[in-house]
Amino acid sequence: MIVMKFGGTSVEDGKAIERVAAIVASRLEQKPVVVVSALARVTDSLVTMSQMAASGALAEGLRLHRQMRQRHFAVLASLLNGRGETEVRDRLQTLFDSLEDVLRGVAALGELSPRTSDNLLSFGELFSSQVVSTAFRARGMDAVLVDSRQLVVTDASHTRAVPQREETNRRLRQSLKPLLHADRVPVMGGFIAATADGIPTTLGRGGSDFSAALVGAGLGARKIEIWTDVEGMMTTDPRLCPDARRIAVIGFDEAAELAYFGAKVLHPATLIPAVEKNIPLYILNSRNPESKGTCIRAHAPASKTIVRSIAAKRGVKVVNVRLPRIVAAQGFLHAVFEAFDRHACPADLVSTSEVSVSVAVEASRHLDGLIDDLKRLGNVEVEDNKAILCLVGEKLRGRIGVAARVFSVLASAGINVHMISQGASEINISFVIEERDIPEAVKQLHAYFFAEREGDPPSLVKQVFRGKAVPREGTRSFTRATGQGL
Ligand code: ADP
Ligand code: ASP
Ligand code: MG
């Protein structure tokens, strides 16, 4: 069997869903399980209407609700042309009524808990899976709508719930195997799950990719296909740099680093189940189903370029902790990291010296408690509006001097580097820069590392080493943790 996951843009309207139906129909003999995201922009809109409801603007929230309902009904009508529409319209209407009830409840309380937020956000995939499964049936496929909340079991860490793999696998096998055996096509919403007691949870934004991988690993899929709106995994985000090129084959390690450091095309947790079961993943374009896409697998041929791809992660904060001079440094680092651990706040990037630590973290994490604890250890300063720029490639392993080249390229573009770290995996080098500098930094670095083949020093190198480009003042230089010499 295989898993086919279709992202928001792949199911954004009737035409897109028609394409999806044709793609799935072309693979029926491979026994697909289909995982769908909410229609494009629906989850964002659910977030907005939830916040409106919680902040006294219920009427505006309900206006968005009405628009969302009209959109889904219009998509359904365009797909069915009146055939068997009443039953599914009733089911959709019931779901929209429940959504309205929850919104009214939030407005009455004036508060939006993570648990209620998960409940609200889960509607996007409940709607889309209804619409898509109905469209499949109208085209003669024996599609069965499956409720992911009954199959994917997680803990109760709402908004980023962690799957309980054994129980999930047991339920996936029990429910889906008989359907596949009978040549039926299960259709389920991605992103959504529930605790063992049935309380709805979500796997974190962009989590439908992760759902697909969980299903693939649970059922022992031959491959997992992630259908999206680009040609595959590319040398950088094509929205930032139109010169980005498709990568034909990439290793699990490299793809995981890229996903973690902001390549939105893949949710960061997706590769964990795939690696465990050694299942290849394919990134494919639903608007161009004939194109080859990207294969992500255990081993990939070496890239021609030093860097395989460049990722950028926005929404980052840097927490600086500095020990007061008079205090002994012993135990300082341990205490700082222990505090991060206690507050379940993963450090994306770390730079240390004996008396100071800088840690880059996702800005969306709640930091108040952590900061209070860190203030007991030293002086704390938090810098906002930062981003992490990450260069990934197997060829970076043990390679000297790449960081210096990055510094030079960025310096000549007038871009300040705040922190640098060479990842523990040795296949990435990451930099903290201002968020607003991301487009220019990516464009410049992509031009530098991908314009010419390795071995032909790009023209910029000559320019840079004529002494023009030196890291600007204010650039924090390497510290012991970074490992890589300039
Ligand atoms: P979906 O709705 O299908 O899940 P996403 O918007 O989550 O799609 O992910 C696809 C987007 O990821 C692309 O439109 C592209 O802008 C972005 N992206 C970021 N980095 C990369 C990369 N290295 N390769 C391809 N796409 C990337
Ligand atoms: N619909 C969810 C989101 O927008 C999950 C996904 O698209 O993967 O985050
Ligand atoms: Mg996505």
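Remember, it's 1-based here, ligands and their atoms both numbered in the order they're listed. Atoms considered below: every heavy atom in the structure, side chains included; atoms not considered: hydrogens, waters and symmetry mates.
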Within the 4.0 Å heavy-atom shell around K5, which atoms of ligand 1 are there? 4 (O)
Taking only heavy atoms of M233, which atoms of ligand 1 are found under 4.0 Å from at least one of them? 24 (N)
A side-chain contact here means heavy atoms from C-beta on lying under 4.5 Å apart; do Y448 and V406 qualify? no
Can you tell me if [X] contacts ligand 1 (heavy atom of the residue under 4.0 Å from the ligand)?
{"X": "S37", "answer": "no"}
{"X": "L258", "answer": "no"}
{"X": "G232", "answer": "yes"}

Which protein heavy atom lies closest to [atom], and at what distance to 0.1 Å?
{"atom": "atom 14 (O) of ligand 1", "answer": "R239 NH2, 2.8 Å"}
{"atom": "atom 6 (C) of ligand 2", "answer": "S208 OG, 3.4 Å"}
{"atom": "atom 4 (O) of ligand 2", "answer": "R205 NH2, 3.0 Å"}
{"atom": "atom 17 (C) of ligand 1", "answer": "D237 OD1, 3.7 Å"}
{"atom": "atom 7 (O) of ligand 1", "answer": "K264 O, 3.6 Å"}
{"atom": "atom 26 (N) of ligand 1", "answer": "V265 CB, 3.5 Å"}

If the threshold is 4.0 Å, N to carboxylate O, is there a salt bridge linking [X] and [Y]?
{"X": "D13", "Y": "K15", "result": "no"}
{"X": "K292", "Y": "E231", "result": "no"}
{"X": "E362", "Y": "R160", "result": "yes"}
{"X": "E29", "Y": "K31", "result": "no"}
{"X": "K317", "Y": "D348", "result": "no"}
{"X": "E12", "Y": "R287", "result": "yes"}

Output yes when the distance from some N or O of ligand 1 to some N or O of [X] is under 3.5 Å, and no in every other case.
{"X": "M234", "answer": "yes"}
{"X": "D229", "answer": "yes"}
{"X": "G8", "answer": "yes"}
{"X": "G262", "answer": "no"}

Note: heavy atom closest to atom 10 (C) of ligand 1, options L39, T228, I283, D209, belongs to T228
So is K304 actually on top of F450's ring, under 6.0 Å and inside 45° of the axis? no
Ring centres under 6.0 Å, that's the criterion: do F191 and F210 meet it? no
Consider only side-chain N and O atoms of D155 and S157, and report whether a donor and an acceptor are under 3.5 Å apart. yes
Testing the 3.5 Å rule here: is there a donor-acceptor pair between the side chains of S208 and S211? no
Report the part of H267 (side chain from C-beta onward, or backbone N, CA, C, O) that has a heavy atom under 4.0 Å from ligand 2; answer both or neither where that applies. neither
Record the part of S37 in heavy-atom contact with ligand 2 below 4.0 Å; permitted values are side chain, backbone, both and neither. side chain
Under 4.0 Å from any heavy atom of T43, which atoms of ligand 2 are there? 1 (N), 2 (C), 3 (C), 4 (O)
Within 4.0 Å of some non-hydrogen atom of E125, the atoms of ligand 2 are 1 (N), 2 (C), 5 (C)
Would you say ligand 2 has an N or O under 3.5 Å from any N or O of G206? yes
Of all heavy-atom pairs linking P280 and R222, the shortest is CD-O, 3.5 Å
